K.L.:
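For reference, the structure I am asking about is given below.
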Amino acid sequence: MALNQDPSKETLDKWNKDPNNWIWGIFYYNKEDKRIFPPKRIEDMGSTINFANPKSILALLIALAFFGMVIFFILNK
């Protein structure tokens, strides 16, 4: 794969099916994959987070902070 070239559908499917890219079978970790939210192992189940991508960790922390604030404001009405 050349620089600045998106991976092919076959490469994406290969990465998704490779058990070495899944920690304990549930956490996706692939440094080659630049997607923040790749599909889960069963694609109909939605998306997961690529824990090898620092941007995805930041997105997860922002989402957790948002939901934490919502819960905080609901409980402290």
Side-chain angles (χ1 to χ4, degrees):
M1 182 169 60
L3 292 175
N4 296 328
Q5 181 182 359
D6 291 333
S8 66
K9 175 76 171 132
E10 292 80 25
T11 302
L12 295 174
D13 288 339
K14 185 179 96 177
W15 285 343
N16 199 30
K17 291 178 179 21
D18 186 0
N20 294 324
N21 293 333
W22 294 89
I23 299 172
W24 299 327
I26 56 173
F27 299 111
Y28 185 72
Y29 189 91
N30 184 354
K31 291 182 180 183
E32 294 179 52
D33 192 352
K34 300 302 178 197
R35 296 177 295 176
I36 296 174
F37 299 109
K40 290 189 176 186
R41 288 184 109 168
I42 301 172
E43 291 186 21
D44 295 338
M45 299 296 288
S47 297
T48 188
I49 295 174
N50 182 3
F51 286 95
N53 187 337
K55 292 178 186 176
S56 63
I57 302 295
L58 181 63
L60 175 65
L61 293 176
I62 290 170
L64 290 175
F66 173 76
F67 289 118
M69 283 181 19
V70 169
I71 291 170
F72 175 78
F73 287 122
I74 289 173
L75 294 177
N76 291 312
K77 241 181 174 181

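Since this is a predicted model, take the numbers as computed values, not measurements.
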K.L.:
Flag the pair Trp15 / Asn50 as yes when at least one side-chain heavy-atom distance between them is below 4.5 Å, and no otherwise.
P.N.:
no

K.L.:
Mind checking the CD-OG1 spacing from Glu32 to Thr11? Nearest 0.5 Å is all I need.
P.N.:
9.0 Å

K.L.:
Yes or no on side-chain contact (heavy atoms from CB on, under 4.5 Å) for Ile62 and Phe66, after CA distance, side-chain angles and deciding distance?
P.N.:
CA-CA 6 Å; Ile62 290 170; Phe66 173 76; 5.5 Å; no

K.L.:
Should side-chain heavy atoms under 4.5 Å link Ile, Leu, Val, Met, Phe, Trp and Tyr, which residues sit in the same cluster as Ile42?
P.N.:
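Cluster partners of Ile42: Met45.
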
K.L.:
Compare every heavy atom of Lys31 with every heavy atom of Ala52, then report the nearest pair and how far apart it is.
P.N.:
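Taking Ala52 first and Lys31 second, the nearest heavy atoms are CB-N, 3.6 Å.
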
K.L.:
Could you measure the distance from the CG atom of Asn53 to the CG atom of Asp33? Nearest 0.5 Å is fine.
P.N.:
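Rounded to the nearest 0.5 Å, the CG-CG separation comes to 8.0 Å.
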
K.L.:
Measuring only between side-chain heavy atoms, which start at C-beta, is Arg41 closer than 4.5 Å to Pro19?
P.N.:
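They are in side-chain contact.
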
K.L.:
Running the 4.5 Å side-chain criterion over Ile, Leu, Val, Met, Phe, Trp and Tyr, what cluster does Ile26 land in, apart from itself?
P.N.:
Ile23, Trp24, Phe27, Tyr29, Ile36, Phe37, Ile49, Phe51, Ile57, Leu60, Leu61, Leu64

K.L.:
Lys40 and Asn16: which non-hydrogen atoms are nearest, and at how many Å?
P.N.:
O-ND2, 3.3 Å

